[in-house]
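Okay, so here's the structure we're looking at.
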Amino acid sequence: MGGFARGALIAYGAVILSFLGAVHWGLALRPPVQEAWATPARLVLGVVPSLIGWAAMMLFEAPSLLLLAAGILATAGVEQWAASRRLVPGFYMRLRWVLSLGAAACLLLPFLV
């Protein structure tokens with residue numbers, strides 16, 4: 001895979017991580033009263049993926065791709081924990097895992113070719 005393509009793939013991973021964080025900002029902005037206790041954690045989860053993506057963009061290609069794939073999968077893992085406490089809808093997690101595994105696979109593809 002050429003340099004431009006790898007750079008585009010790194011940018012893709014960073015954008016995806018930022019989007020994943022934005023989901024939790026949305027959940028934190030208008031939580032049901034019984035979920036207000038989760039607002040601080042949601043705000044942290046809203047920021048950390050973007051910071052991981054930003055940091056990854058400053059690394060060399062291989063560590064960057066690994067960090068982005070790990071960040072996407074780790075975010076899904078944290079969201080799975082949240083789903084077990086009914087803080088994230090079940091339908092979202094099914095979709096989330098399919099898309100996360102696909103995105104991580106795309107980020108790891110350069111290691112196979």
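Atoms considered below: every heavy atom in the structure, side chains included; atoms not considered: hydrogens, waters and symmetry mates.
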Discussion item. Taking atom CZ as the centre, does Phe19 end up with more than 12 heavy-atom neighbours from other residues, nucleotides or ligands that are less than 6.0 angstrom away?
Written reply: no
Working to the nearest 0.5 Å, report the span between [atom1] of [X] and [atom2] of [Y].
X: Leu20; Y: Trp25; atom1: CG; atom2: CH2; answer: 15.5 Å
X: Glu61; Y: Phe111; atom1: CD; atom2: CZ; answer: 9.0 Å
X: Leu29; Y: Leu43; atom1: CG; atom2: CG; answer: 7.5 Å

Verify the cluster assignment for [X] and [Y]: are they in a single hydrophobic cluster under the rule of side-chain heavy atoms below 4.5 Å apart?
X: Leu99; Y: Leu109; answer: no
X: Leu9; Y: Trp54; answer: no
X: Val78; Y: Val23; answer: no
X: Ile10; Y: Leu108; answer: yes
X: Leu101; Y: Leu65; answer: yes

For [X] against [Y], the heavy-atom pair lying closest together:
X: Ile52; Y: Gly71; result: CG2-CA, 4.5 Å
X: Ala83; Y: Met93; result: CB-CG, 3.4 Å
X: Met57; Y: Ala14; result: SD-CB, 3.6 Å
X: Ile72; Y: Gly13; result: CD1-O, 4.5 Å

Practice prompt. Step by step, work out the side chain to side chain contact (heavy atoms under 4.5 Å, CB included) result for Leu45 and Glu79.
Written response: CA-CA 9 Å; Leu45 191 55; Glu79 289 176 337; 4.3 Å; yes
Discussion item. My understanding is that only one of Arg42, Arg86, Arg30 makes a side chain to side chain donor-acceptor pair (under 3.5 Å) with Glu35; could you say which?
Written reply: Arg42
Fill in: Donor-acceptor under 3.5 Å (Ser64 side chain, Ala56 main chain)
yes
Item to complete: Verify side chain to side chain contact (heavy atoms under 4.5 Å, CB included) between Leu17 and Leu68, making sure each step is shown before the conclusion.
Response: CA-CA 8 Å; Leu17 271 171; Leu68 290 166; 3.6 Å; yes
Practice prompt. Report yes if the side chains of Leu107 and Leu66 come closer than 4.5 Å at any heavy-atom pair, otherwise no.
Written response: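 The answer is no; the side chains never approach within 4.5 Å.
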